[in-house]
2 protein chains.
Amino acid sequence: MKETKKRTFTCGLDAAIAIMGGKWKGLILFALQDGPLRFGEVRRAVPGISERVLILQLREMETTGLLHREVYHQVPPKVEYSLTEFGHSLNTAMGPLGEWGEENIERIEAVPWDKVG
Amino acid sequence: MKETKKRTFTCGLDAAIAIMGGKWKGLILFALQDGPLRFGEVRRAVPGISERVLILQLREMETTGLLHREVYHQVPPKVEYSLTEFGHSLNTAMGPLGEWGEENIERIEAVPWDKVG
DNA sequence: GTCCATACTGACATTTATGTGAGTACCCGG
DNA sequence: CCGGGTACTCACATAAATGTCAGTATGGAC
């Protein structure tokens, strides 16, 4: 029960998708690419995310080694999040995907999303 | 709710992630990169996916314009799926992500996945 | 003492994604 | 008439992801 299950992946893309999780982690990664941000700054940098989900995502990304969490013992509290080397490398790898999205954003927005699901 | 809701995205990466949907579409795209495959061939190329979910994913990807569905009126039935130009371009954009996953697959598999969620 | 700001935590509800297993339609060869 | 092969469809069930909202802890300013 306490054995850490060793997930296996069919290919590198499979693994990368697992790391990326849902719809937020890529955006969080993107937001942090230019340097550390405090919790509240990350929240403002990722419009639409709820506070609780942001915390969950940040914790997951800390566990997977994508980012570092630095706590300053102050009042009011201050916590800074920054990318690790691992996180930076993933961010770099996602660059082309982001560019593809930029180039095709009109087409993507025109998709009849309510008929997709 | 009859109006097709025009989703908007905060950035290109956001849009790309929306297109990629869950954990399967990237793998399906990857499987189709070398040419058309029949339904059963896609299923075998994407281990672990259930038949129903595969159908749903293929339909979504057809709707979003990533792939083309060609029906041959034969018995037994034959349906071939192939990437569109749009699908190919996305596949290309995901190339670096797949390579990143390959390079880091050991590290990713070593993540304590049961403590992540 | 009261309030402020910040970064949380916890209970709960909802939405979305995925999975299971059965059944359908078709023509053909036996 | 039966079973084989393929690509589905349908009803249902569960799991995972996301959302809402209230509450907590802290020390300093007032």
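Every chain is numbered from 1 and lettered A, B, ... according to where its sequence line falls, protein lines coming before strand lines. Just so it is clear, the model here is predicted, and its values are computed rather than measured.
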Query raised in the report: Of the residues in residues 27-37 of chain B, which ones touch DNA chain C at a heavy-atom distance under 4.0 Å?
Result: none
Report task. Under 4.0 Å from any atom of DNA chain C, heavy atoms only: list the residues of residues 67-82 of chain B that qualify, in numerical order. Result -> V75(B)
[atom1] of [X] versus [atom2] of [N]: gap in Å, rounded?
{"X": "L58(A)", "N": "dT9(C)", "atom1": "CG", "atom2": "C1'", "result": "15 Å"}
{"X": "Q57(B)", "N": "dC8(D)", "atom1": "CD", "atom2": "P", "result": "14 Å"}
{"X": "I55(B)", "N": "dA22(C)", "atom1": "CD1", "atom2": "P", "result": "17 Å"}
{"X": "L54(B)", "N": "dT20(C)", "atom1": "CG", "atom2": "C1'", "result": "15 Å"}
{"X": "M61(A)", "N": "dA17(D)", "atom1": "CE", "atom2": "P", "result": "15 Å"}
{"X": "I17(A)", "N": "dA17(D)", "atom1": "CD1", "atom2": "P", "result": "14 Å"}
{"X": "R44(A)", "N": "dT6(C)", "atom1": "CZ", "atom2": "P", "result": "7 Å"}
{"X": "D14(B)", "N": "dT18(D)", "atom1": "CG", "atom2": "P", "result": "12 Å"}

Look at [X] and [N] and indicate whether a side-chain polar atom (N or O) is within less than 4.0 Å of OP1 or OP2.
{"X": "W24(A)", "N": "dG19(D)", "value": "yes"}
{"X": "R38(B)", "N": "dG5(D)", "value": "no"}
{"X": "R59(A)", "N": "dC8(C)", "value": "yes"}

Report yes or no: does [X] contribute a side-chain atom to a donor-acceptor pair with the main-chain N or O of [Y] at less than 3.5 Å?
{"X": "T63(A)", "Y": "V116(B)", "answer": "no"}
{"X": "E70(B)", "Y": "E80(B)", "answer": "no"}
{"X": "T84(B)", "Y": "G65(B)", "answer": "yes"}
{"X": "W113(B)", "Y": "T64(A)", "answer": "no"}

Query raised in the report: Say you draw a straight line from CZ of F86(A) to CG of N104(B); how long is it, rounded to the nearest 0.5 Å?
Result: 4.5 Å
Query raised in the report: Under the side-chain contact (heavy atoms from CB on, under 4.5 Å) criterion, do M20(B) and M20(A) qualify, and how do the steps go?
Result: CA-CA 11 Å; M20(B) 294 301 306; M20(A) 295 300 307; over 6 Å; no
Query - Stepwise side-chain contact (heavy atoms from CB on, under 4.5 Å) check, L54(A) with I28(A) - result: CA-CA 9 Å; L54(A) 176 56; I28(A) 295 170; 3.7 Å; yes
Query raised in the report: Which residue, E51(A) or G48(A), contacts DNA chain D at a nucleotide closer to its 5' end, judged by nearest heavy atom?
Result: G48(A)
Query raised in the report: side-chain contact (heavy atoms from CB on, under 4.5 Å) between W100(A) and L90(B): does it pass, once the steps are laid out?
Result: CA-CA 7 Å; W100(A) 179 89; L90(B) 175 54; 3.5 Å; yes
Query raised in the report: For DNA chain C, whose closest nucleotide is more 5', that of E41(A) or that of E60(B)?
Result: E41(A)
Query - Mutual orientation of the aromatic rings belonging to F39(A) and Y81(A) [parallel < 30°, tilted 30-60°, perpendicular > 60°] - result: tilted
Report task. From the options L83(B), L66(B), N91(B), select the one residue that forms a side-chain contact (heavy atoms from CB on, under 4.5 Å) with L32(B). Result -> L83(B)
**Report entry** Pair of N/O donor and acceptor under 3.5 Å linking dT18(D) base with R52(A) side chain
**Finding:** yes
Report summary line: Taking dG19(D), dA7(C), dG19(C) as options, the one with an atom nearest any side-chain atom of V53(B) is dG19(C)
Query raised in the report: In terms of side-chain heavy atoms of F39(A), which of dT20(C), dA7(C), dT18(D) is nearest?
Result: dA7(C)
